[in-house]
There are 4 protein chains.
Amino acid sequence: MSKESTRREREKLRQRQEIMAVALNLFSEKGYHSVSMHEIAAKAEFAIGTLYKFFSNKEELYKALLLEQSDRFDAALFKAIESPGDEIMKLRRYVQTKGEVFQNNAATIRLYFAETRGASFNLLAGLDQVIRNRIERFLHQLAEIFESGIRAGRFHPIAEPYILAVALDNLCSTFLFLWLENPEKHVYPENPDTILNILFKALVNP
Amino acid sequence: MSKESTRREREKLRQRQEIMAVALNLFSEKGYHSVSMHEIAAKAEFAIGTLYKFFSNKEELYKALLLEQSDRFDAALFKAIESPGDEIMKLRRYVQTKGEVFQNNAATIRLYFAETRGASFNLLAGLDQVIRNRIERFLHQLAEIFESGIRAGRFHPIAEPYILAVALDNLCSTFLFLWLENPEKHVYPENPDTILNILFKALVNP
Amino acid sequence: MSKESTRREREKLRQRQEIMAVALNLFSEKGYHSVSMHEIAAKAEFAIGTLYKFFSNKEELYKALLLEQSDRFDAALFKAIESPGDEIMKLRRYVQTKGEVFQNNAATIRLYFAETRGASFNLLAGLDQVIRNRIERFLHQLAEIFESGIRAGRFHPIAEPYILAVALDNLCSTFLFLWLENPEKHVYPENPDTILNILFKALVNP
Amino acid sequence: MSKESTRREREKLRQRQEIMAVALNLFSEKGYHSVSMHEIAAKAEFAIGTLYKFFSNKEELYKALLLEQSDRFDAALFKAIESPGDEIMKLRRYVQTKGEVFQNNAATIRLYFAETRGASFNLLAGLDQVIRNRIERFLHQLAEIFESGIRAGRFHPIAEPYILAVALDNLCSTFLFLWLENPEKHVYPENPDTILNILFKALVNP
DNA sequence: TATGAATGAGCTTTCATTCAT
DNA sequence: AATGAATGAAAGCTCATTCAT
């Protein structure tokens with residue numbers, strides 16, 4: 001009986017993920033408003049009513065999608081900066097992991113930026129508050145690495161740690177967007193130092 | 001007689017701008033798809049038919065909005081980097097001007113990023129080709145400043161000029177988005193050097 | 001003063017006819033519903049308000065058009081069958097006149113059949129009652145010719161005179177429609193007897 | 001299970017026919033442009049969306065209507081002229097069948113001629129090409145009967161067979177229209193010979 | 001429990017008509 | 001008297017959502 005219900009639950013979860021996978025592809029390809037619930041149902045080979053058993057409305061499906069993906073990314077990035085090593089190693093791993101995550105989940109990234117669909121404009125706004133908090137928490141964690149490096153005399157205190165965290169994250173995103181937009185022309189550097197050097201090395205001659 | 005027709009034209013222009021102002025606010029608040037032409041008409045206190053006298057359809061109204069605003073921004077930014085002075089002065093003026101433009105046109109900026117409305121993900125995609133070309137042209141102009149600085153031995157050649165241009169531009173945008181989203185918490189630095197230093201000064205101790 | 005007002009009235013009539021001429025062309029080209037009052041106004045180089053000075057609405061303009069044209073056709077056909085001569089000469093003149101009228105007024109004929117636009121289906125229905133009465137009156141006049149011919153022993157009484165009138169009129173229309181539809185292939189016979197013979201000569205061998 | 005799906009399909013077909021019946025009545029009463037999809041939906045007691053499940057747009061519904069009816073008429077008329085017998089018997093049966101079809105399907109006939117909805121004038125133009133071909137094919141078949149009669153020496157060769165076919169067909173239509181418009185006053189002759197005599201017997205005394 | 005037929009609010013757009021100038 | 005800017009009812013159509021089976 002417990003086994004039975006477990007099997008059922010597993011089956012349900014599998015169906016839920018099947019729907020989300022189809023929705024992810026469609027939303028990232030065409031944008032939120034250009035995908036209909038019927039289209040998702042048809043491609044996932046479920047009845048439209050079944051979709052509404054799993055997600056109470058279109059918005060919920062969309063949010064669940066974002067949440068699930070953000071979860072995976074967050075875990076991977078947290079893991080990268082929490083692993084042992086000095087500040088430079090941690091940043092290096094962060095740059096590398098962010099690149100891998102982006103490149104292995106192009107559809108999801110597109111989803112993030114495909115359509116903010118609401119009162120929002122900024123890369124964060126329009127996302128679920130849960131996701132925004134998650135990103136904020138991560139940036140502070142990243143800032144702590146800079147702070148620790150500065151305290152250790154390893155980094156110059158050229159800006160506030162949080163500013164530096166935002167700057168590094170943004171620098172990575174910039175390279176990744178260039179790559180996403182035109183993979184032939186722009187390559188996300190395999191060596192993380194290429195990006196870190198923009199922060200680490202002096203641009204202006206002394 | 002000429003006076004008469006001038007008054008009419010002025011009146012027409014005023015109405016057109018009134019519609020655009022209302023549309024700008026609504027689109028930037030709620031996104032393209034969540035604003036109806038009736039809503040715009042009602043808020044602008046015109047009959048729905050009158051909107052269609054000025055803009056042949058919703059898409060045209062939206063594009064006209066983007067184009068007009070992009071025009072103003074482009075002019076301001078070009079002026080900033082074309083004014084006399086060495087490379088550092090030009091970049092400084094650019095950072096400052098971009099900040100002013102953003103902060104004085106928050107609604108417009110929201111519009112730019114409110115909704116890409118398509119299968120796109122990148123911040124440029126989904127925009128009118130005219131605007132994309134304009135942005136691209138500007139980035140190349142910005143890249144030339146870096147290139148000139150490198151040739152003059154004033155900058156270290158730590159990355160390709162175009163990459164540096166994109167990086168600086170995105171760095172500014174990122175801080176401005178943080179400010180836009182939460183003006184109390186995040187302040188766009190009044191001193192441009194705060195941003196430029198991230199690129200200009202060594203982060204890692206030698 | 002009387003001269004003055006006469007000149008004005010003439011001018012007004014000229015304008016009215018100018019509008020009707022433009023409307024006739026547009027309606028016959030595109031059909032009633034596919035022509036807008038604005039289109040007519042623009043092509044006639046009048047303000048839209050001016051059209052409404054002459055015709056209280058679109059329907060009225062259309063009806064006026066039909067009425068005026070029907071007037072001209074009716075006059076021509078009546079004249080044809082009222083002119084002196086025996087029954088055969090009258091019918092001959094009728095066939096010839098109907099041909100000339102059709103061929104010289106293709107646009108108008110198209111107008112008649114372009115769109116019945118109402119609860120109607122038949123070639124008469126949907127037309128103004130005035131026009132229907134006019135046509136009915138004409139057919140009776142035509143029937144009288146057949147009756148007179150039969151009474152004079154000049155025609156076989158193979159059917160009621162009214163039936164014969166309808167048949168002859170329809171025979172002419174048939175030839176003319178064939179011609180209208182494909183002027184190269186089907187020619188309306190220059191010699192009226194070609195049509196009359198279908199009625200006048202035996203088809204079945206005795 | 002199969003029974004189940006059959007019942008569903010029958011139900012669907014019934015609904016489709018219900019919509020078409022309502023549409024037929026409305027279109028034939030008021031003409032294509034003067035009937036709205038909402039009106040059809042309301043009268044058929046369906047939601048507007050349901051109409052669009054059956055017919056992808058208004059035009060399709062209209063065409064489906066014409067096609068279905070034309071199909072039935074075509075079959076009946078072909079059957080009439082293909083049944084055994086000499087040319088006169090075939091023509092007689094044709095005249096009779098056409099009369100029956102018209103009189104039993106007044107609404108449909110009205111539909112055919114209710115509105116050509118275009119720049120067309122001719123009774124055929126504006127119809128679907130499929131229907132026009134069907135009519136054309138039928139007229140040629142009818143022409144062959146005349147030709148065969150002429151070759152057999154049974155008919156005088158007073159005109160080209162195709163012309164005679166068109167003439168007979170239009171003659172029937174004309175009388176049927178008179179009847180349709182005013183059933184009390186004009187009677188479509190019960191005896192087909194009344195019409196055929198106009199073609200078959202000499203009108204003018206020798 | 002899963003289905004998908006049915007719903008109808010709400011969208012964009014057109015155009016006959018009005019009326020202040 | 002002539003104008004044409006302004007109006008808004010109403011059209012065709014879509015699609016998120018519901019609920020009887």
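Just so you know, these numbers use all the heavy atoms, side chains as well, and skip hydrogens, waters and symmetry mates. Protein chains get the first letters and strands the later ones, always in sequence-line order, with residue 1 at the start of each.
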Worksheet item: Between the main-chain N or O of N25(D) and the side-chain N or O of S28(D), is there a donor-acceptor pair closer than 3.5 Å?
Response: yes
Item to complete: Round to the nearest Å and state the distance from H33(D) atom NE2 to dT14(E) atom C1'.
Response: 12 Å
Item to complete: Check the distance between dT3(E)'s C1' and F54(A)'s CZ and give it to me in whole angstrom.
Response: 13 Å
Fill in: Length of the OH-P vector between Y62(B) and dT12(E), whole Å
14 Å
Item to complete: Choose from dG10(E), dA2(F), dT7(E) the nucleotide whose nearest atom is closest to any side-chain atom of H38(D).
Response: dG10(E)
Worksheet item: Counting side-chain heavy atoms from CB outward, which of dT14(F), dA2(E), dC15(E) is closest to K53(A)?
Response: dA2(E)
Fill in: Nearest listed nucleotide, side chain of T50(A), among dA9(E), dA9(F), dA2(E)
dA2(E)
Item to complete: Write down the distance between CD (E9(C)) and P (dA1(F)), rounded to a whole number of angstrom.
Response: 12 Å
Discussion item. Taking the cut-offs as 6.0 angstrom to the six-membered ring centre and 45 degrees off its axis, would you call K58(C) and Y52(C) a cation-pi pair?
Written reply: no
Item to complete: Return the nucleotide paired to dT7(F): Watson-Crick means purine N1 to pyrimidine N3 with N6-O4 or O6-N4, wobble means G-U with N1-O2 and O6-N3, both under 3.5 Å.
Response: dA16(E)
Discussion item. Rounded to whole Å, please give me the gap between CD in E39(D) and P in dA11(F).
Written reply: 8 Å
Worksheet item: So F27(A) and Y32(A), would you call those rings parallel, tilted or perpendicular, with 30° and 60° as cut-offs?
Response: parallel
Item to complete: Could you check which of dT7(E), dC13(F), dA2(E) has an atom nearest any side-chain atom of N57(D)?
Response: dC13(F)
Item to complete: With side-chain contact (heavy atoms from CB on, under 4.5 Å) as the test, would you mind laying out the steps for R72(C) and N105(C) before giving the verdict?
Response: CA-CA 11 Å; R72(C) 289 179 40 228; N105(C) 297 277; 3.0 Å; yes
Worksheet item: With both distances kept under 3.5 Å, what pairs with dT21(F), Watson-Crick or G-U wobble?
Response: dA2(E)
Discussion item. With nearest nucleotide decided by heavy atoms, which residue, S36(D) or E45(C), maps closer to the 5′ end of DNA chain F?
Written reply: E45(C)
Discussion item. Applying the Watson-Crick and G-U wobble criteria at under 3.5 Å, what pairs with dC11(E)? Answer none if nothing qualifies.
Written reply: dG12(F)
Worksheet item: Using a cut-off of 4.0 Å on non-hydrogen atoms, how would the nucleic acid contact of Q15(D) be classed: base, sugar-phosphate, or nothing?
Response: sugar-phosphate
Fill in: Distance, rounded to the nearest Å, where K12(A) contributes NZ and dA2(E) contributes P
6 Å
Worksheet item: Where each residue is assigned the nucleotide of DNA chain E containing its nearest heavy atom, which of F46(A) and F46(D) is assigned the position nearer the 5′ end?
Response: F46(A)
Discussion item. Of the options dT12(E), dG12(F), dA6(E), whose atoms approach the side-chain atoms of M37(D) most closely?
Written reply: dG12(F)
Worksheet item: Quick one: R8(A) CZ to dT1(E) P, roughly how many Å, whole number?
Response: 9 Å
Worksheet item: Nearest-Å distance, CD (E59(D)) to P (dC13(F))?
Response: 9 Å
Practice prompt. Name the residue closer to the 5' end of DNA chain F, choosing between K58(A) and I48(D) according to the nucleotide with the nearest heavy atom.
Written response: I48(D)
Fill in: Where V22(B) and I40(B) come nearest, the two heavy atoms and their spacing
CG1-O, 3.8 Å
Item to complete: List the steps, then state whether side-chain contact (heavy atoms from CB on, under 4.5 Å) holds for H33(A) with S34(B).
Response: CA-CA 10 Å; H33(A) 281 101; S34(B) 301; 4.3 Å; yes
Worksheet, complete the sentence: Of V35(B) and E11(D), the one whose nearest nucleotide on DNA chain E sits closer to the 5' end is E11(D)
